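Only heavy atoms go into these numbers, but all of them, side chains included; no hydrogens, no water, no symmetry mates. Numbering of residues begins at 1 and proceeds along the displayed sequence. None of these values were measured; they are calculated from a predicted model.
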Amino acid sequence: MQLTKIKKIHLYVARHFLPMLLMTVFICWFVVLMQFMWQHTEDFVGKGLDMSTLLQVLFNAALMAFPTALPLGVLLASLMTFGGLGERLELLAIKSAGMPLHKVMVSLFVICIVLGVGLFVYLNTVMMESQVRFYQIAFSARQKQPDLEIPEGSFYNGIENYSIFVRKKLHREKLLEGVLIYDLSQGFQETRIIRADTGKLAMDISKTFLTLDLY
C-alpha cells in the first residue's frame, strides 16, 4: 500500500514538473539564442544575405543554443515546482506523512538522468552537425562576398598596415562606394592616402588572396 502511495506522489510531482520544464526551457532557449545571435550580429545582419540563408543561420544557432538552455530550464522548473508545492502546503503534508524529501524528488532524478543521457547523445550528433553548418555558412558568405568583413561608415583595420574606409556598399553590384585607403606599409610618417569613387573586392580562384580593383 505504501509503494502505491509513493508511485502516486512521484507521478503527481512529475505532472507538475514537466509543464514547468517545457515553459522554462523554451524561455531560456529564447534568451540564450538572442544572446548568441547578438554576439554574431555583425557577421550576418546587413550583409546582403538572402532570407533562406538567414533562416538557416537562425535554425543552426537555435540547435547550438539548446544544450545551454536545457540545464537552466531544469533548474528553474525544479525551483518553481517545489516552490508551488511548498506554497500550497502540499510539501508539508507529504513530509508530515513520513516521506523524506529525497524520496519525493525521485521522479525528478529519473527525468534529469534521462535528459542527461539524451543531452549527451545530442552533443555528439546534432550539436556537432549544427556547428559545422553554422560556421560553414559564415565562411561561405565571406568567400562569396569578401566585402562582408568591411563595415560601412567606419575604418576597417583587418588587413595589416592598411586602414580602409567605405562610405557605402552595393551588395547586388558587389561594389564599394567612396573608398579611402591609408597605406601604412612604409611607416606612419610616410603614409599614402588612396581615394577611389568605387572599388570591387574579389577572391582569386585558389581562395587564398583578395584583389581590390579601384575605379
So which atom in [X] and which in [Y] form the shortest heavy-atom distance, rounded to 0.1 Å?
X: Pro19; Y: Ala14; value: CD-O, 4.4 Å
X: Cys28; Y: Gly73; value: SG-N, 3.9 Å
X: Phe155; Y: Ser163; value: CD2-OG, 3.2 Å
X: Met80; Y: Thr24; value: SD-CG2, 3.8 Å
X: Val179; Y: Gly199; value: CG2-N, 4.0 Å
X: Asn60; Y: Gln56; value: ND2-O, 2.7 Å

Are [Y] and [X] connected in a single hydrophobic cluster, I mean Ile/Leu/Val/Met/Phe/Trp/Tyr linked by side-chain heavy atoms less than 4.5 Å apart?
X: Val57; Y: Trp29; value: yes
X: Leu72; Y: Tyr122; value: no
X: Tyr12; Y: Val110; value: no
X: Leu22; Y: Val74; value: no
X: Val31; Y: Met37; value: no

Can you measure from [atom1] ([X]) to [atom2] ([Y]) and round to the nearest 0.5 angstrom?
X: Ser107; Y: Leu18; atom1: OG; atom2: CG; answer: 8.5 Å
X: Leu70; Y: Leu75; atom1: CG; atom2: CG; answer: 11.5 Å
X: Lys200; Y: Asp213; atom1: NZ; atom2: CG; answer: 8.0 Å
X: Gln186; Y: Arg192; atom1: CD; atom2: CZ; answer: 7.5 Å
X: Tyr162; Y: Leu184; atom1: OH; atom2: CG; answer: 9.0 Å

Taking the side chain as everything from C-beta on, heavy atoms only, tell me whether [X] gets closer than 4.5 Å to [Y].
X: Leu63; Y: Glu129; value: no
X: Leu33; Y: Leu58; value: yes
X: Leu180; Y: Ile193; value: yes
X: Phe66; Y: Val25; value: yes
X: Ile27; Y: Leu76; value: no
X: Met105; Y: Phe17; value: no
X: Phe82; Y: Leu108; value: yes
X: Phe134; Y: Gln131; value: no

Result of checking Leu119, Ile111, Val117, Ile113 against Leu115 for side chain to side chain contact (heavy atoms under 4.5 Å, CB included) |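 Only one of Leu119, Ile111, Val117, Ile113 forms a side chain to side chain contact (heavy atoms under 4.5 Å, CB included) with Leu115, namely Ile111.
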Is atom CG of Asp197 surrounded by more than 12 heavy atoms (other residues, nucleotides or ligands) closer than 6.0 Å?
->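 Atom CG in Asp197 is not crowded, with 12 or fewer foreign heavy atoms closer than 6.0 Å.
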Any chance CE of Met128 has more than 12 other-residue heavy atoms, nucleotides or ligands included, within less than 6.0 Å?
->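 It does not: Met128 CE has 12 such atoms or fewer within range.
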Verify, without hydrogens or angle tests, whether Thr81 (side chain) and Ser78 (backbone) share a donor-acceptor contact under 3.5 angstrom.
->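 Checking the backbone N and O of Ser78 against the side chain of Thr81, no donor-acceptor pair under 3.5 Å is found.
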